[in-house]
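Report on the structure given below.
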Number of protein chains: 2
Amino acid sequence: MDRIDEEILKLLKENGRMTSSEISKHVHLSVPAVSERIRKLEEGQVIDRFTVRLNREQTGLHLLAFIMVQLEKPEHVAGFRTMIVQTPSVLECHHLAGEYDYLLKVALKSTGELEQLISEQIKRLEGVSKTNTMIVLSTMKEEM
Amino acid sequence: MDRIDEEILKLLKENGRMTSSEISKHVHLSVPAVSERIRKLEEGQVIDRFTVRLNREQTGLHLLAFIMVQLEKPEHVAGFRTMIVQTPSVLECHHLAGEYDYLLKVALKSTGELEQLISEQIKRLEGVSKTNTMIVLSTMKEEM
DNA sequence: TTTCTTCGTCGATCCGATCCACTCGAATCC
DNA sequence: GGATTCGAGTGGATCGGATCGACGAAGAAA
């Protein structure tokens, strides 16, 4: 990981489909040299994967929210985890230190869907003692 | 946006560099037909952009945290916004409804960096009345 | 029915990726 | 000190995917 690798990653973050020949012009290396660096970044797990970033608004997901969840005991984690994995509207789930145990980031079509998610999926789960939902009004920055 | 477009998006989410010819085998269309659909998804803004997802651990960012921020008055927003945009460790910044005004997602090398971010960058700002930091212990799910 | 539009296929061409042989420079080892 | 080895890059040839244009089929509107 040197200066050039960082530059390559920066370019690929902006455009994950930028060709090696395009990149080679920016970093002043030959095409095979760039390809080799990218291959190594993937192999060395610095690059997790190439992906596509969707526009949630355009796909009807107008509501973004964060839900903090308190789980009573560790034995309830398995059921909770299953629900998280199976629910596509849950974009992220982080285990936390502090008052709440989990923080979920969810994207939904409407407040109706949010209500349903909270009352029929989350609160229905064994061991969920408390939740706290924060509705997102707007997003200033969002990267990975 | 039909069934086939959704399938294409699903494939591209998993591998943003999957070739049109690869995709064409999955969705049973010709290569130009797939290319055309991808082009239209980009043009119609459903696809925001192609990008690369990095492994934060591999780049030394071992600490992930969420910081809730309370801002006293709207006139303090400009300075806050400037700080957010200029700080690379802030991955996300959402404007919230509720007790706190902003939720930040930050990735850092260490607790030392977190301390510095909170006390020297965030709390130093005019108008920041209260913050609440949640440290992430582990992440179960993380998509866009 | 005829026409127009949309969406697809097919084939040709073009361009980028990959592979291989070779070079260069730095570090290692006798 | 000189030879060796290894990592990283270059340049050219080849291979394969993307793109483009011509064409065809299906559905909607006149």
Side-chain angles (χ1 to χ4, degrees), chain A residues 1-62 88-89 91 107 109 142-144, chain B residues 1-62 88-89 107 109-110 142-144:
Chain A
M1 275 288 288
D2 59 8
R3 186 78 204 164
I4 293 180
D5 280 342
E6 281 170 27
E7 178 69 12
I8 291 173
L9 291 177
K10 181 168 158 281
L11 292 167
L12 287 175
K13 264 202 242 184
E14 285 163 19
N15 176 11
R17 286 203 151 183
M18 184 176 279
T19 61
S20 292
S21 64
E22 260 303 303
I23 295 171
S24 72
K25 288 167 198 159
H26 284 83
V27 301
H28 306 107
L29 281 181
S30 68
V31 174
V34 170
S35 298
E36 180 67 6
R37 277 169 176 266
I38 294 174
R39 196 191 60 71
K40 283 185 181 169
L41 287 167
E42 287 189 73
E43 194 182 75
Q45 307 281 303
V46 175
I47 291 179
D48 181 38
R49 60 176 166 171
F50 288 89
T51 186
V52 64
R53 190 186 143 125
L54 302 185
N55 184 330
R56 284 193 292 268
E57 284 291 333
Q58 282 290 329
T59 50
L61 299 170
H62 301 294
S89 51
L91 303 179
K109 289 195 197 302
E142 190 170 28
E143 312 171 351
M144 267 254 117
Chain B
M1 276 288 288
D2 58 6
R3 184 78 204 163
I4 293 178
D5 279 343
E6 282 170 27
E7 178 69 11
I8 290 172
L9 290 177
K10 180 168 159 282
L11 291 167
L12 286 176
K13 265 202 243 183
E14 286 164 19
N15 176 11
R17 288 202 149 183
M18 184 176 279
T19 61
S20 293
S21 64
E22 260 304 304
I23 296 171
S24 71
K25 288 168 198 159
H26 284 83
V27 301
H28 305 108
L29 281 182
S30 68
V31 173
V34 170
S35 297
E36 180 66 6
R37 277 171 176 266
I38 294 173
R39 197 191 58 74
K40 283 187 181 166
L41 286 167
E42 286 189 75
E43 193 182 76
Q45 308 281 303
V46 175
I47 291 179
D48 180 37
R49 60 177 163 166
F50 288 89
T51 187
V52 64
R53 189 187 142 126
L54 303 186
N55 184 331
R56 282 193 292 270
E57 284 291 333
Q58 283 290 329
T59 51
L61 300 171
H62 301 294
S89 51
K109 288 195 198 303
S110 62
E142 190 170 30
E143 311 171 351
M144 268 253 119

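- One atom, NE2 of B:H28, and another, P of C:dT9, lie 12 Å apart when rounded to the nearest Å.
- Atom CD1 in B:I23 sits about 15 Å away from atom C1' in D:dT19, given to the nearest Å.
- We find that CZ of B:F50 is positioned 11 Å from P of D:dA18, with the value rounded to whole Å.
- By the 4.0 Å N-to-carboxylate-O rule, B:E42 lies too far from B:R39 to be salt-bridged with it.
- Between A:I23 and A:I38, the closest side-chain pair of non-hydrogen atoms falls below 4.5 Å.
- Dashed line: the shortest gap from a side-chain N or O of B:R17 to OP1 or OP2 of C:dA17 is not under 4.0 Å.
- Regarding A:E36, its CD atom lies at a distance of 13 Å from the C1' atom of D:dT10, rounded to whole Å.
- A heavy-atom distance below 4.5 Å is not found between the side chains of B:E22 and B:N15.
- The two residues B:S24 and B:L29 come nearest to each other via the heavy atoms CB-O, 3.0 Å.
- As a whole-Å value, the separation of B:M18 CE from D:dG17 P is 13 Å.
- Put simply, A:R37 has a side-chain N or O that comes within less than 4.0 Å of OP1 or OP2 on D:dG9.
- Listed candidates were D:dA18, C:dG8, C:dA17. Nearest to the side chain of B:V31 is D:dA18.
- Put simply, CD1 on A:I4 is 18 Å from P on D:dG7, counting in whole angstrom units.
- Using modelled atom types, one side-chain atom of A:R17 and one backbone atom of B:G16 make a donor-acceptor pair closer than 3.5 Å.
- Between B:S30 and C:dG8, a side-chain N or O to OP1/OP2 separation shorter than 4.0 Å is absent.
- With a 4.5 Å cut-off on side-chain heavy atoms, B:Q58 and A:D48 do not count as touching.
- Rounded to whole Å, atom C1' of C:dC15 lies 12 Å from atom CD of A:E22.
- Only B:K40, listed by number, bring a heavy atom of residues 39-47 of chain B to less than 4.0 angstrom from any atom of DNA chain C.
- In the set C:dT18, D:dT10, D:dA18, D:dA18 carries the atom at the smallest distance from any side-chain atom of B:T19.
- Counting only heavy atoms from C-beta on, A:S21 has its side chain closest to C:dG16 among C:dT18, C:dG16, D:dG9.
- Of the residues B:R53, B:R49, B:K13, the one that meets the side-chain contact (heavy atoms from CB on, under 4.5 Å) test with A:R53 is B:R49.
- Among D:dA18, D:dC20, C:dA17, the nucleotide with an atom closest to any side-chain atom of B:P32 is D:dC20.
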